[in-house]
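The block underneath contains the structure these notes are about, expressed in structure tokens.
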Amino acid sequence: MDERLRRWRMVLGGDADGTGCSLTGTDAQMDGALAALYNGGGEGPAERSGGLGASAPRVARWLGDIRSYFPSTVVQVMQKDAVERLNLTRLLMEPEMLEAVEPDVHMVGTLLSLNRVMPEKARESARALVRKVVSELERKLVQKTKAAVTGALDRSARTHRPKRVADIDWDRTIRANLKNYLPDRNTVIPSRLVGYGRRQRAVQREVVLCIDQSGSMAASVVYSSVFGAVLASMRSLRTSLVVFDTAVVDLTDQLHDPVELLFGTQLGGGTDINRAIAYGQGLITRPTDSIFILISDLYEGGVREEMLRRVAQMTASGVQVIVLLALSDEGAPFYDHDNAAALAAMGVPAFACTPDAFPDLMAAAIERRDIGRWAERWLERTAT
């Protein structure tokens, strides 16, 4: 069979009339799995518009089939589509279904939205799936985050008045004084010393993560919780984490276990950003050493003017305020453009950030760099 015709037949689905090709073997099985989801045919979940509970075993088999036919990235997309297109959320409360799915951030978000109605028999399976995803995220993100934050804290602690010779950073001192090089003597006259900052055991920065838990922010909630746990493990930071809809819940005491933290969230509901900012503002004790990160699509259900006034108060007091429209890999987010523009006019740019870029963002904030310029450079790099 012509490979191009085969591929078109797989893309178009249906019968062989359009391409003149028929599929056999594994190709036919793959086509059936795709048709079950996207065409509503075959023995997959699309036929189960009614009596979903009874169809759970066959849906579980379908999930197992697609894992054998397609790479995990494709499986994750198909699972997400199945939940959205075929209304399979109720089936995800069945343990055998949870054991069949490919764990990923989107599936965790779906499970968290079902948290309050999930039967006890499915809860342990759900926790196991969430823990697997969290462990994988920690494996990817912990080392990079700690290295970026520790490096930024060390750089921000450097001094130009080292008290002892042992505290002088000779490499940086020489680089800073190259203009004072004397060729005839083959030496540099150090008019400015650069020293190592003394390692501090005390808290150097306060970090407040304020996370919108409306349904559209599901992936951001997952990543934020993992990053919050990483930051909380660093003694030089005092990290607080609050989630909000129309109410505010302080989950700081759960930061030692991001899985428990995630199950403490409740995705969905309204949004009162002003109330959340007011609570987070009350957690700050050292404004000039504090970083306040609001993660929200900025669709405010509370008092907009009061929200903007509180942000202005924080920035005026020296707090480094950062607004992330999303912390995920999901692409361009939907957000309130008017509120984003109002914040930008106050010097608080609002932008989406990927998990890979977040450690560098934290380093920039700790060093009190211009976050707007950092975001522009980062967007330029990702666009090329």
Taken to the nearest 0.5 Å, the spacing of F244 CZ from D250 CG works out to 13.5 Å
Test log, rule side chain to side chain contact (heavy atoms under 4.5 Å, CB included), inputs D272 and E300 = CA-CA 6 Å; D272 192 338; E300 172 64 307; 4.1 Å; yes
Side chain to side chain contact (heavy atoms under 4.5 Å, CB included) between N339 and I273, intermediate numbers included = CA-CA 11 Å; N339 283 335; I273 304 174; 5.7 Å; no
Of all heavy-atom pairs between A340 and Y335, which one has the smallest distance, and what is that distance?
-> CB-CE1, 3.7 Å
If you measure from CG on L255 to OG on S240, what distance do you get to the nearest 0.5 Å?
-> 8.0 Å
Are any of the side-chain heavy atoms of F334 and D297 separated by less than 4.5 Å?
-> no
Keeping the roles fixed (side chain from T110, backbone from H106), state whether a donor-acceptor pair exists under 3.5 Å.
-> yes
Mind checking whether T145 and E138 have side chains closer than 4.5 Å, heavy atoms only?
-> no
Derivation of the side chain to side chain contact (heavy atoms under 4.5 Å, CB included) call for V74 and Y69 = CA-CA 10 Å; V74 176; Y69 300 147; over 6 Å; no
Within 6.0 angstrom of Q143 CD, more than 12 heavy atoms from elsewhere = no
Connected via hydrophobic side-chain network under 4.5 Å: V303 and I277 = no
So, T252 side chain and L241 main chain: donor-acceptor pair closer than 3.5 Å or not?
-> yes
Would you mind telling me which of F351, Y223, F227, W378 makes a ring-ring contact (aromatic ring centres under 6.0 Å, His included) with F358?
-> F227
Any side-chain heavy-atom pair from E206 and L283 closer than 4.5 angstrom?
-> no
Taking side chain as C-beta onward, heavy atoms only, is P355 less than 4.5 Å from D329?
-> yes
When you measure from the side chain of Q213 to the backbone N and O of V221, does any donor-acceptor pair fall under 3.5 Å?
-> no
Is any side-chain heavy atom of L308 less than 4.5 Å from a side-chain heavy atom of R304?
-> yes
Given the rule that I, L, V, M, F, W and Y join up when any side-chain heavy atoms are under 4.5 Å apart, are L324 and V348 in one cluster?
-> no
Non-hydrogen atoms of S220 and S224 that approach each other most closely = O-OG, 2.6 Å
Any donor-acceptor pair under 3.5 Å from R275 side chain to A247 backbone | no
According to a 4.5 Å side-chain heavy-atom criterion applied to Ile, Leu, Val, Met, Phe, Trp and Tyr, with indirect links allowed, do L327 and L237 form part of one hydrophobic cluster?
-> yes
How about V230 and V149: do any of their side-chain heavy atoms sit closer than 4.5 Å?
-> no
Is a salt bridge present between D289 and R286, judged by a nitrogen-to-oxygen distance below 4.0 Å?
-> yes
Worked check of side-chain hydrogen bond (donor to acceptor under 3.5 Å, both in side chains) between T354 and D356 | CA-CA 5 Å; T354 63; D356 283 346; 5.4 Å; no
Between the side chain of D212 and the main-chain N/O of S296, is any donor-acceptor distance below 3.5 Å?
-> no
Atom pair CG (L112) and OG1 (T265), whose distance is rounded to the nearest 0.5 Å = 4.5 Å
For the residue pair Y181 and N186, establish whether any side-chain heavy-atom pair is separated by less than 4.5 Å.
-> yes
Where is the tightest heavy-atom contact between A232 and T239, given as atom of each residue plus distance?
-> N-OG1, 3.7 Å
Check S214 against T271 and note the closest heavy-atom contact, atom names and distance.
-> CB-OG1, 4.0 Å
Quick one: do E136 and R139 satisfy salt bridge (charged side-chain N to carboxylate O under 4.0 Å, His left out)? Show the steps, please.
-> CA-CA 5 Å; E136 180 63 17; R139 185 186 66 80; 2.5 Å; yes
Closest approach of G372 and D370, non-hydrogen atoms and distance?
-> N-OD1, 2.9 Å
So if you build clusters from Ile, Leu, Val, Met, Phe, Trp, Tyr with side-chain heavy-atom gaps below 4.5 Å, do L343 and I371 land together?
-> no
Beyond-backbone contact of R131 with S135, side-chain heavy atoms, under 4.5 angstrom | yes
Exactly one of V226, L262, V105 clears side chain to side chain contact (heavy atoms under 4.5 Å, CB included) with V133, and that residue is V105
Are R123 and E120 close enough for a salt bridge, meaning some N to O gap below 4.0 Å?
-> yes
Considering non-hydrogen atoms only, spot the tightest contact between S317 and T288 and give its length.
-> O-CG2, 3.9 Å
Verify same cluster id: V248, V208 (apolar side-chain graph, 4.5 Å) = yes
Donor-acceptor contact below 3.5 Å, side chain R205 vs main chain I366 | yes
Take L251 and I211, measure what side chain to side chain contact (heavy atoms under 4.5 Å, CB included) needs, and give me the verdict at the end.
-> CA-CA 11 Å; L251 296 176; I211 307 167; over 6 Å; no
Crowded around R373 CZ? As in, over 12 foreign heavy atoms under 6.0 Å?
-> no
Pair R127 + E260, salt bridge at N-O below 4.0 Å | yes
E306/R310 salt bridge by N-O under 4.0 Å criterion = yes
